[in-house]
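A short write-up of the structure that comes next.
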There are 2 protein chains.
Amino acid sequence: MSSDGVAVAESLIAPAVEAPGARQSRRSTNTVTLDDVARHAQVSPQTVSRSIRTPDLVSEFTLERVRASIAETGYVPNLAASNLASNRSMTVAAIIPAISASVFADALHGLEEILAPAGYQLFIGSTSYRPAHEEELVRAFLGRRPDGIFIVGTEHSANTTHLLRESKVPVIEAWDLTDDPIDSLVGFSNRDAIRAIVEFAHERGYRHPTFAGSLQRGDFRAAARRASFEEAVPELFPGETVRVVDSGTSTVDYETGRRLLDETLKLHPETDVLMFASDVFAAGALLECTRRGIRVPDDLAITGFGDFEIGRHLVPTLTTVAVPNRQIGTVAGELLLARMNHTSAETAEVDLGFSVVARESA
Amino acid sequence: MSSDGVAVAESLIAPAVEAPGARQSRRSTNTVTLDDVARHAQVSPQTVSRSIRTPDLVSEFTLERVRASIAETGYVPNLAASNLASNRSMTVAAIIPAISASVFADALHGLEEILAPAGYQLFIGSTSYRPAHEEELVRAFLGRRPDGIFIVGTEHSANTTHLLRESKVPVIEAWDLTDDPIDSLVGFSNRDAIRAIVEFAHERGYRHPTFAGSLQRGDFRAAARRASFEEAVPELFPGETVRVVDSGTSTVDYETGRRLLDETLKLHPETDVLMFASDVFAAGALLECTRRGIRVPDDLAITGFGDFEIGRHLVPTLTTVAVPNRQIGTVAGELLLARMNHTSAETAEVDLGFSVVARESA
DNA sequence: ACGGCGTATGGCAGCGCTAACATCATGGTA
DNA sequence: TACCATGATGTTAGCGCTGCCATACGCCGT
């Protein structure tokens with residue numbers, strides 16, 4: 001082939017000039033790039049880029065050709081390169097304690113509902129309630145340069161807080177309130193919510209409340225709820241013992257609820273209203289009551305926390321506290337969008353409140 | 001200011017030479033880069049890179065200094081740049097129908113459990129059972145150049161299949177079996193599973209089975225389960241009408257289960273075993289039976305699908321089909337790891353099976 | 001006829017990192 | 001002593017894309 005001949009001749013004359021293939025290419029195999037599309041459409045790479053990102057600036061005629069070329073070549077833009085060049089990743093990082101906990105799944109759903117139409121993608125990581133893991137996760141996620149961060153909780157390690165503050169990325173802390181947020185805040189007061197349901201129990205005439213939950217290390221919201229109970233009881237029930245049953249680090253499931261009921265009956269048989277830190281526990285306990293023939297609420301009243309769907313279907317239906325899971329996600333999404341579009345530079349602290357849902361079980 | 005004066009003079013003499021700051025920097029504000037760390041530690045950038053990625057190749061002495069510099073400068077690696085240069089993103093994309101569905105959350109948990117220790121991060125997207133959305137999601141995710149893809153289901157649009165095939169990325173389809181996978185496959189036969197529980201009902205002596213589920217468009221696994229029921233009944237119950245109650249596009253929740261029970265009692269009062277497409281429906285129906293005083297299984301037997309935790313706590317406990325949710329995730333994770341490390345180039349088709357769990361409700 | 005303006009496109013450089021290769025000091029071996 | 005294998009570090013040249021600016025062209029008003 002004549003072209004080969006030319007190349008060889010050249011390399012004899014000027015050995016400094018690389019022979020084709022002397023240095024191995026670093027390109028990934030078979031990947032269509034923006035340049036390929038540009039060549040195919042006979043326009044500059046810049047025009048292809050514009051056709052994708054700001055089609056308004058490209059003439060109808062050119063746009064047609066570029067689109068056809070993209071389709072024909074099967075081009076898929078490399079967002080890592082785009083991210084690097086434009087310094088925007090079009091991603092939002094979401095850090096939650098557990099994927100399988102439905103409350104957080106609801107919030108993520110709300111978050112995605114707002115962000116996806118604006119072209120943002122969600123990076124999800126779960127900490128399993130371990131602060132050390134949270135820090136690791138924050139570090140790893142920051143490496144991907146998200147345009148926004150959604151994180152459950154207001155209590156983080158000093159390092160985590162520092163990392164987030166220094167990152168200059170809009171951060172939304174969710175699910176609780178605090179006086180000193182990293183940036184913005186969307187949630188409700190776990191403390192007030194528990195207080196409200198203790199007051200409810202008091203008004204209904206119950207006299208011997210017991211609180212039951214798991215005190216997983218790292219679950220600061222659960223801890224806040226327990227503390228709030230311990231604070232409210234002496235005020236509302238003067239002279240009454242403050243009874244708390246704790247399953248330790250157990251997972252949040254129906255089985256744990258059952259065990260918590262068991263322990264309560266053994267340790268505090270005088271209990272007339274058993275207040276759970278989660279509807280899941282309450283449901284497990286309620287079903288166990290059905291099995292054992294304990295009449296709810298006559299023998300023992302039960303309350304939950306979270307207003308999960310099952311509460312409306314249990315027999316008897318469950319008295320609980322409704323919490324705006326989904327709304328936490330949508331509000332957070334809207335706040336983030338405003339910040340990321342530079343529509344607003346303001347941080348916000350949104351208290352979405354809660355409500356006591358009185359049903360049959362108490 | 002004198003520096004301004006100099007700049008002007010220079011531009012008069014040699015306008016082609018850029019005055020400092022004439023072209024605006026594109027760097028993101030205040031970001032510490034690998035070069036900054038290198039300068040701080042007085043080593044080359046490459047050595048810093050090695051210190052992070054392959055510390056074995058760096059001397060103890062240098063490593064110490066680099067680590068100190070990283071800490072002091074607060075350096076956070078830019079993974080977009082790393083990704084671009086190395087052609088590895090260290091991410092796996094997971095595409096599931098719904099985040100809030102616990103079965104998929106379990107699988108994701110399993111997947112993460114395997115991938116996270118190996119340094120891979122999970123990108124999660126939900127399709128809401130819409131094939132068009134699935135395609136969009138696949139396209140967007142491919143743009144991030146994941147090293148592996150986990151996708152629920154074996155039925156995809158032609159475009160989706162084509163995109164995934166052409167991407168050359170290891171793909172695992174999950175939750176069902178097929179003769180023609182895109183790449184690898186981890187799941188169980190929804191068809192056989194339903195058949196097994198119909199056989200179970202037959203052996204237990206039930207004579208008038210009815211199937212109840214929602215037939216959401218896009219949920220091919222639900223459709224397969226229904227079809228399997230329609231296939232099994234004529235064989236096992238010759239002469240018996242094939243009764244199917246369908247809630248249309250309702251969401252999978254307890255309320256729908258209740259409505260399905262309602263409809264069944266109206267349309268097919270002869271039913272002696274009601275077989276649900278999900279434990280969630282079964283639980284909703286079972287609770288409604290309790291409320292109405294319908295005795296289970298004496299007046300009506302009930303079966304579910306999925307072996308959710310609640311089934312073990314309902315009164316009566318729920319007969320169902322156990323399905324290896326978590327294991328689907330872990331096995332998929334292991335297969336992906338092997339492919340991504342180039343330990344194995346082989347595709348695999350893994351049938352994890354299922355098992356009928358006989359409890360009190362049937 | 002001319003400069004000024006808006007629209008469409010192209011050229012250049014660089015985002016922050018790493019693969020590939022080059023270099024340089026060791027130490028052991030023939 | 002010359003030689004090469006080994007380990008530690010440096011140099012070069014991109015990865016694929018977009019920000020910024022330059023350029024080309026037609027249109028308008030004066």
Side-chain angles (χ1 to χ4, degrees), chain A residues 16-18 21-39 41-66 70 73 75-90 142-145, chain B residues 15-16 18-19 21-39 41-66 73 75-90 142-145:
Chain A
V17 171
E18 271 181 26
R23 181 182 268 259
Q24 213 169 302
S25 165
R26 295 171 53 189
R27 292 203 41 203
S28 65
T29 49
N30 310 333
T31 303
V32 180
T33 71
L34 191 124
D35 282 36
D36 297 328
V37 177
R39 222 167 296 125
Q42 309 208 50
V43 295
S44 75
Q46 185 56 243
T47 299
V48 177
S49 174
R50 267 192 289 257
S51 302
I52 295 170
R53 301 169 17 79
T54 52
D56 304 349
L57 301 180
V58 180
S59 72
E60 200 57 46
F61 175 73
T62 308
L63 204 53
E64 269 324 297
R65 273 215 324 225
V66 171
I70 288 175
T73 55
Y75 172 62
V76 177
N78 183 327
L79 299 184
S82 166
N83 179 359
L84 185 60
S86 68
N87 204 36
R88 307 196 67 193
S89 66
M90 298 307 287
L142 284 176
R144 308 215 176 261
R145 300 293 189 269
Chain B
E18 271 182 26
R23 180 181 273 257
Q24 213 169 303
S25 165
R26 296 171 52 190
R27 293 203 40 203
S28 66
T29 50
N30 311 333
T31 303
V32 180
T33 70
L34 190 128
D35 281 36
D36 297 328
V37 176
R39 222 167 297 125
Q42 309 206 53
V43 295
S44 76
Q46 186 57 244
T47 299
V48 178
S49 174
R50 267 191 289 255
S51 301
I52 295 170
R53 304 170 12 79
T54 51
D56 305 348
L57 301 181
V58 180
S59 72
E60 201 57 47
F61 176 74
T62 308
L63 204 55
E64 268 325 295
R65 275 217 322 227
V66 170
T73 54
Y75 172 63
V76 177
N78 184 326
L79 299 184
S82 166
N83 179 357
L84 185 59
S86 68
N87 204 37
R88 307 196 67 192
S89 66
M90 298 307 285
L142 284 177
R144 308 216 176 261
R145 300 291 188 269

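Excluded from the calculations below are hydrogen atoms, water molecules and symmetry mates; all remaining heavy atoms, backbone and side chain alike, are included.
Here T62(B) reaches the OP1 or OP2 of dT9(D): one of its side-chain N or O atoms lies under 4.0 Å away. Between S86(A) and the phosphate of dC15(C), there is no side-chain N or O to OP1/OP2 separation shorter than 4.0 Å. Taking 4.0 angstrom as the limit, S44(A) places a side-chain polar atom (N or O) nearer than this to OP1 or OP2 of dG10(C).
The interatomic distance linking Q46(A) (CD) with dC21(D) (P) rounds to 13 Å, in whole Å. Atom CG of N83(A) is separated from atom C1' of dT18(D) by 11 Å (rounded to the nearest Å). The distance between atom CG of N87(A) and atom P of dC17(C), rounded to the nearest whole Å, is 12 Å. Rounding to whole angstrom units, CZ of residue R145(A) and P of dT18(D) are separated by 19 Å. Atom CG in L79(B) sits about 15 Å away from atom C1' in dC15(C), given to the nearest Å. Atom CZ in R144(A) sits roughly 14 Å away from atom P in dC17(C) (whole-Å rounding). If you take CG of N78(A) and C1' of dC17(C), they are 13 Å apart, rounded to a whole angstrom. Nucleotide dC17(D) holds its C1' atom 9 Å from the CG atom of D35(A), rounded to whole Å.
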Side-chain donor/acceptor pairs under 3.5 Å, residues 48-59 of chain B, sequence neighbours excluded:
unit_1: S51(B); atom_1: OG; unit_2: T47(B); atom_2: O; d: 2.7
unit_1: S59(B); atom_1: OG; unit_2: T62(B); atom_2: N; d: 3.3
unit_1: S59(B); atom_1: OG; unit_2: T62(B); atom_2: OG1; d: 2.9

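Y75(B) comes within 4.0 angstrom of the backbone, heavy atoms only, and of no base. P77(B) comes within contact range of the sugar-phosphate backbone alone, with a heavy-atom separation under 4.0 Å but no base atom that close.
Among dA8(C), dT18(D), dT18(C), the nucleotide with an atom closest to any side-chain atom of A85(B) is dT18(C).
When every heavy atom of R144(A) is checked against every heavy atom of M90(B), the shortest pair comes out as NH2-O, 3.5 Å. Counting all heavy atoms, side chain and backbone alike, L34(B) lies closest to P45(B) at CD2-O, 3.1 Å.
Within a heavy-atom distance below 4.0 Å of DNA chain D, the residues of residues 49-56 of chain A found are S49(A), R53(A).
With contacts defined as side-chain heavy-atom distances shorter than 4.5 Å, the pair V43(B)/R65(B) qualifies. Counting heavy atoms from C-beta on, the side chains of L84(B) and R145(B) never come closer than 4.5 Å.
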Could you go step by step and tell me if V37(A) and V32(A) meet the side-chain contact (heavy atoms from CB on, under 4.5 Å) rule?
CA-CA 8 Å; V37(A) 177; V32(A) 180; 4.3 Å; yes
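Between L34(A) and T47(B), the one whose closest nucleotide on DNA chain D sits nearer the 5' end is T47(B).
Distance check: N78(B) CG to S89(A) OG gives 9.5 Å after rounding to the nearest 0.5 Å.
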